[in-house]
Amino acid sequence: MSNNKSEFVQTLVERGFLHQCTDLEALDKRAAESVITSYVGYDATADSLHIGNLVSIMMLHWLQQTGHRPIVLMGGGTTKIGDPSGKDETRQLLTDDRINANISSIRETFTSFLSFGDGETDAMMVNNADWLDELAYIPLLREIGRHFTINRMLTFDSVKLRLEREQPLTFLEFNYMILQAYDFMELAKRHDCVLQMGGSDQWGNIINGIELGRRAAERELFGLTTPLITTASGAKMGKTAAGAVWLRPERYSPYDYWQFWRNTEDADVGRFLKLFTILPMDEIARLEALEGSEINDAKKILATAATALLHGEDAGRESAETAEKTFVSGVTADGLPTTDVPRAELEGGIAVFALLTRVGLTGSNGEARRLIKGGGARVNDVAVSQETAEINADAINDDGVIKLSAGKKRHALIRPA
């Protein structure tokens, strides 16, 4: 790698973030010579982002750490339409109030990764509703629509896949790519933003924005995407039996988040340390070299570092300590995810499979039954042998709770309420 590369591009390359770039050499030169502004867009369809968004969040983090300005673009406007990329169904439309509440909630997550303010490299959170809500439809069609051909739009994967599967694609959703391109041009005009980053599935949409900026605003813009992150076994990153791995503690506890990273496949440890922690590269190289049972030490460091980055140093340390107590000492630890269940309900008896699903250890009752049948379910560290087994208030242990386990690594507590 040449010495005149910008620290930003060098960091993305060595940590494994770079998949495609429209003109890497020119972007690298620009970033080496001056402060650049870059953005990533996020729709506000829920009150939390999930782990699938974490790669792009980390890119914004490193952009700022290497001396540049990140923009978090919240799709207050585009959320009203829905991005058809990777979707088979039309998305449920949300009210303005719901969208705004989601944006407020999501902002809290970004404060863990970015420093917001008014300085040259301080992060900004911008809402595309600020300009999209004010657009007059016919002027938009005349001024912007003429730069897009239906022929080309039909070639994009987000459109092609929906049509090939004979799933409906509404005209509303079809406009999404035009508005995303318009966002890039608006950010270039308003904030001198020159780079859009995103996942590889956004490549076509990013190219649209670059071309619109060139044609309609005579600006040189850049696009950069990350590879699709899959595990070594080929699974999509972040898919678990219990569902999405959310980035808000109210939706996914710090302990569960720690456990998610602790359960990383051996072959993924080095790659995930580079992508999802801020540990120095020499330390990551040392951890990557560990073999045999020592790889578990690297997994614990990955889990603690990733949890500390999102939820704070205390949460990372406490989650690690809870795991140590639970797995090594065999005791019930306070930090385990806890679900309150009315004592009267417990006294009447509840099926173990229903409780496993209720506390989030399994994604469905059917999955819980299979877990029990395979010998992977435990109550207070005792294996459950029958699929129809019930537990009642007699199972409350000396700590005043009932401990449920799915396999050796995933645990939850039931607390009588």
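- For Arg107 and Phe116, the positive end sits near the middle of the six-membered ring, less than 6.0 Å away and at most 45° from its axis.
- Summarising the local packing, CD of Glu120 is surrounded by 12 or fewer heavy atoms from other residues, nucleotides or ligands at distances under 6.0 Å.
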Please tabulate, for side-chain N and O atoms in residues 286-295, each donor-acceptor pair with protein atoms closer than 3.5 Å (sequence neighbours left out).
{"from": "Arg286", "atom 1": "NE", "to": "Glu283", "atom 2": "OE1", "distance (Å)": "3.2"}
{"from": "Arg286", "atom 1": "NH2", "to": "Glu283", "atom 2": "OE2", "distance (Å)": "3.0"}

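- Among all heavy-atom pairs drawn from Ala305 and Thr277, the shortest one is CB-CG2, 3.9 Å.
- A side-chain donor-acceptor contact under 3.5 Å links Thr155 to the backbone of Arg152.
- Interatomic distance, Asn127 CG to Ile103 CD1, rounded to the nearest 0.5 Å: 4.0 Å.
- Between the side chain of Thr66 and the backbone N or O of Leu63, at least one donor-acceptor pair lies under 3.5 Å.
- For Tyr39 and Phe184, the ring centers sit closer than 6.0 Å to each other.
- Ion pair Arg214/Glu220 not flagged as a salt bridge, since none of the NZ, NE, NH1 or NH2 atoms sits closer than 4.0 Å to an Asp/Glu carboxylate oxygen.
- Remark: the Arg369 side chain and the Asn365 side chain contain no N/O donor-acceptor pair separated by less than 3.5 Å.
- Remark: the Thr307 side chain and the Trp261 side chain contain no N/O donor-acceptor pair separated by less than 3.5 Å.
- Between the side chain of Thr362 and the main chain of Glu367, no donor-acceptor pair closer than 3.5 Å is present.
- Checked by atom type, the side-chain pair Thr79/Thr45 shows no donor-acceptor distance below 3.5 Å.
- Rounded to the nearest 0.5 angstrom, Ile36 CD1 and Ser34 OG are separated by 7.5 Å.
- Using a 4.5 Å heavy-atom cutoff, the side chains of Thr37 and Val194 are not in contact.
- Between the side chains of Asp256 and Gln259, no donor N or O sits under 3.5 Å from an acceptor N or O.
- Tested against Ile284, the residues Ile301, Leu302, Leu279 include a single side-chain contact (heavy atoms from CB on, under 4.5 Å) partner, Leu279.
- Taking 4.5 Å as the limit, every side-chain heavy atom of Trp246 sits out of range of all side-chain heavy atoms of Leu49.
- Applying the salt bridge (charged side-chain N to carboxylate O under 4.0 Å, His left out) test to Glu33 and every residue at least two apart in sequence or in another chain returns Lys29.
- Residues Leu310 and Leu54 fail the side-chain proximity criterion, which asks for heavy atoms closer than 4.5 Å.
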(request) Dump the intermediate steps for side chain to side chain contact (heavy atoms under 4.5 Å, CB included) on Thr322 and Trp258, then the final yes or no. (result) CA-CA 10 Å; Thr322 296; Trp258 190 96; over 6 Å; no
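- Rounded to the nearest 0.5 Å, atoms CZ (Arg271) and OG1 (Thr230) are 5.5 Å apart.
- Side-chain N or O atoms of Lys299 include one that pairs as donor or acceptor with a backbone N or O of Thr264 at under 3.5 Å.
- In the model, Asp47 has no side-chain atom that pairs as donor or acceptor with a side-chain atom of Asn102 under 3.5 Å.
- No side-chain N or O of Glu7 forms a donor-acceptor pair with one of Gln65 less than 3.5 Å apart.
- In terms of heavy atoms, His147 sits closest to Glu143 at CD2-O, 3.3 Å.
- Looking at Leu187 and Tyr182, their side chains never come closer than 4.5 Å, going by heavy atoms from C-beta outward.
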(request) Could you go through the side chain to side chain contact (heavy atoms under 4.5 Å, CB included) check for Leu179 and Leu135 one step at a time? (result) CA-CA 10 Å; Leu179 296 183; Leu135 285 177; 4.3 Å; yes
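- When atom types are taken as modelled, the side chain of Ser105 and the backbone of Ala101 share no donor-acceptor pair closer than 3.5 angstrom.
- Arg317 and Asp314 get closest at one heavy-atom pair: NH2-OD1, 2.7 Å.
- Between Ile396 and Val401, the closest side-chain pair of non-hydrogen atoms is not below 4.5 Å.
- Pairing each heavy atom of Gly119 with each of Asp122, the nearest pair is N-OD2, 2.8 Å.
- A side-chain N or O of Asn128 and one of Thr78 form a donor-acceptor pair less than 3.5 Å apart.
- For Phe110 and Tyr42, the distance between ring centers is under 6.0 angstrom.
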(request) Begin from the C-alpha positions of Gln202 and Gln196 and carry the test side-chain hydrogen bond (donor to acceptor under 3.5 Å, both in side chains) through to its verdict. (result) CA-CA 10 Å; Gln202 294 296 315; Gln196 181 182 358; 5.3 Å; no
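- Inter-residue side-chain proximity for Leu12 and Arg15 is flagged as unmet; no heavy-atom pair is nearer than 4.5 Å.
- Applying the ring-ring contact (aromatic ring centres under 6.0 Å, His included) test to every pair with at least one member in residues 288-317, sequence neighbours left out, gives these pairs: Tyr257-His311.
- Asp133 and Lys80 are joined by a salt bridge, as a carboxylate oxygen and a charged side-chain nitrogen come within less than 4.0 angstrom of each other.
- Rounding to the nearest 0.5 Å places CG of Asp28 at 9.0 Å from SG of Cys21.
- The closest side-chain donor-acceptor pair between Arg358 and Thr339, if any, does not fall under 3.5 angstrom.
- The distance from atom OG1 of Thr22 to atom CG of Leu221, rounded to the nearest 0.5 Å, is 8.5 Å.
- Using modelled atom types and a 3.5 Å distance limit, the side chains of Ser405 and Arg378 yield no donor-acceptor pair.
- Residue Glu324 holds its CD atom at 9.5 Å from CD of Glu321, rounded to the nearest 0.5 Å.
- Between the side chain of Asn380 and the backbone N or O of Ala395 there is at least one donor-acceptor pair closer than 3.5 Å.
- No donor-acceptor distance shorter than 3.5 angstrom exists from the side chain of Ser38 to the backbone of Pro70, with no hydrogens or angles considered.
- The shortest distance between side-chain heavy atoms of Ile372 and Val352 falls below 4.5 Å.
- One N or O on the side chain of Gln64 and one on the backbone of Ser115 form a donor-acceptor pair closer than 3.5 Å.
- Side-chain atoms of Phe272 and Met237, non-hydrogen and from C-beta on, do get closer than 4.5 Å to each other.
- Atom CD of Glu218 has 12 or fewer heavy atoms from other residues, nucleotides or ligands within 6.0 Å.
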(message) Run the side-chain hydrogen bond (donor to acceptor under 3.5 Å, both in side chains) test on Arg248 and Thr109 for me, step by step, so that the C-alpha distance in whole Å, both residues' side-chain angles and the decisive distance to 0.1 Å come before the verdict.
(response) CA-CA 7 Å; Arg248 274 181 61 81; Thr109 296; 5.4 Å; no
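- When the options Arg30, Arg69, Arg219 are evaluated for a salt bridge (charged side-chain N to carboxylate O under 4.0 Å, His left out) with Asp192, the one that passes is Arg219.
- Side chains of Ser233 and Glu265: a donor-acceptor N/O pair is present below 3.5 angstrom, by distance only.
- Within 6.0 Å of CD on Glu25 lie no more than 12 heavy atoms contributed by other residues, nucleotides or ligands.
- Taking all atoms of both residues into account, the shortest heavy-atom contact from Cys193 to Ile71 is CB-CD1, 4.4 Å.
- Leu275 and Met58 get closest at one heavy-atom pair: O-CG, 3.4 Å.
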